[in-house]
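As the structure lists them, so they are numbered: ligands from 1, and atoms in each ligand from 1. Numbers for residues simply follow the sequence, beginning at 1.
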Amino acid sequence: MNTHGIKPVRKAVFPVAGLGTRFLPATKAIPKEMLPIIDRPLIQYAVDEAREAGIEQLIFITGRGKAAIVEHFDTAYELEATMAGRGKTLEVLEPTRIQPGNLVTVRQQVPMGLGHAIWCARAIIGNEPFAIFLPDELMIGAPGAGCMKQMVEAYNRVGGNLISVLEVPREEVSSYGVIAPGAALDGFGGLVSEVTGLIEKPTVEAAPSNLIISGRYILQPEVMRVLEGQEKGAGGEIQLTDAMARMIGTQPFHAVTFEGRRFDCGSKLGFVEATLALALEHPEMAADVRAMAQRLLGA
Ligand code: G1P
């Protein structure tokens, strides 16, 4: 508990059981979360963001064919011994090291939706608040100010439940969960506001705003009990958004506007954009990539 009586966020759930059909055939034998942006797999960016926010325990909701994700965060004796033998530094592997006991996997035996995936972690979450990361959504903040860090800072002041949101063009809302925003909270520079309603994948006409849920959440453990009895929603799936919507009014719900950039790496175009954007600011590659892009564009 902090001085406001708020329990810290120490656990994060990463739903990674999705099939990744949009990237086939690349994802036939490799989890989509292992596709690299430059030299880090997508899942690594989400894990780095979690750790930057002070989160200790990582809970992966996995399925068949996802073993590579767990391997990635394990010690690789042969590799490390070989590298050490060649006098190479192992520093590059640092982000893949997890304290023993801090990586937990749960299998989601059947793909029944995001709400169901989160519910699979209920026994490990217990009675604590927890974060959720949808790794497809790549959130890049200023150094030391990632999306979850910004959310945890807000959470430590207001408690309850928080969802990161961002604006999209109105015609795109039907691909997302959409919030009905309420009053902005004082003292947050307009970045934190109440959430008065939530709808998963509404029609453009039915959408209460163009503010979408962008794949980062801090939720109270009561959501697990709500998910327990959750009926199927949009797409015939058990939707996290529907369970959260039912909690509004019983618990505080706030939206946090992320100050940073977001790339939708669940789509090929978003993935290419992220690769290009990060390459253009990569300390060792930026100048070469810029020259390369100009050459390719004939500029
Ligand atoms: C999920 C959530 C949705 C959210 C989106 C962000 O949808 O259900 O509320 O806006 O992620 O990417 P999915 O992309 O799994 O259809």
Side-chain angles (χ1 to χ4, degrees), residues 12-23 27 31-33 35 42-43 45-46 49 60-63 66 108 110-121 131-140 147-148 151 161-181 195-204 206-219 223 226-227 230-248 253-258 260-271 273-274:
V13 180
F14 301 78
V16 292
L19 294 176
T21 49
R22 280 195 269 178
F23 285 89
T27 48
K32 67 172 171 175
E33 297 80 7
L35 297 177
L42 207 43
I43 187 69
Y45 289 88
E49 187 189 325
F60 293 122
I61 312 298
T62 69
K66 296 288 183 159
Q108 183 190 21
V110 271
M112 288 176 66
L114 179 60
H116 178 261
I118 300 305
W119 177 77
C120 290
I132 302 173
F133 291 77
L134 308 189
D136 275 1
E137 298 281 352
L138 177 57
M139 310 293 268
I140 305 287
C147 184
M148 188 52 70
M151 290 176 75
N161 302 272
L162 288 129
I163 312 168
S164 75
V165 298
L166 53 89
E167 272 186 67
V168 298
R170 187 116 197 148
E171 57 276 15
E172 291 176 19
V173 291
S174 306
S175 305
Y176 300 99
V178 180
I179 73 154
V195 176
T196 60
L198 289 163
I199 311 184
E200 183 67 17
K201 310 216 164 66
T203 59
V204 172
S209 74
N210 64 340
L211 287 169
I212 62 140
I213 304 172
S214 69
R216 300 291 184 273
Y217 312 72
I218 294 176
L219 298 179
V223 72
V226 181
L227 281 167
Q230 188 58 49
E231 307 272 323
K232 289 179 182 169
E237 299 191 332
I238 296 175
Q239 295 290 355
L240 178 62
T241 304
D242 294 346
M244 294 191 302
R246 285 166 60 206
M247 288 169 75
I248 294 174
F253 255 93
H254 292 102
V256 180
T257 303
F258 171 50
R261 285 171 302 160
R262 167 258 187 176
F263 301 98
D264 173 11
C265 292
S267 82
K268 281 182 258 208
L269 202 57
F271 205 94
E273 185 189 5

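Partners of R261 under the side chain to side chain donor-acceptor pair (under 3.5 Å) rule, at least two apart in sequence or in another chain, are E281. N161 pairs by the side chain to side chain contact (heavy atoms under 4.5 Å, CB included) definition with L219, Q220, M247, Q251, F253, not counting sequence neighbours. Residues passing the side chain to side chain donor-acceptor pair (under 3.5 Å) test with E137, sequence neighbours excluded: R262.
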Between ligand 1 and the protein, which N/O pairs are shorter than 3.5 Å?
unit_1	atom_1	unit_2	atom_2	d
ligand 1	7 (O)	K201	NZ	3.4
ligand 1	8 (O)	E200	OE1	3.3
ligand 1	8 (O)	E200	OE2	2.8
ligand 1	9 (O)	G177	N	3.1
ligand 1	9 (O)	E200	OE1	2.7
ligand 1	9 (O)	T241	OG1	3.4
ligand 1	10 (O)	G177	N	3.0
ligand 1	10 (O)	I213	O	2.6
ligand 1	12 (O)	E137	OE2	2.5
ligand 1	16 (O)	K201	NZ	2.6

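Aromatic ring orientation, F133 versus F14: parallel (interplanar angle below 30°, classes split at 30° and 60°).
By the 4.5 Å heavy-atom criterion applied to side chains, F258 and R216 are not counted as neighbours.
The 12-atom threshold is exceeded at CD of E171, counting heavy atoms of other residues, nucleotides or ligands nearer than 6.0 Å.
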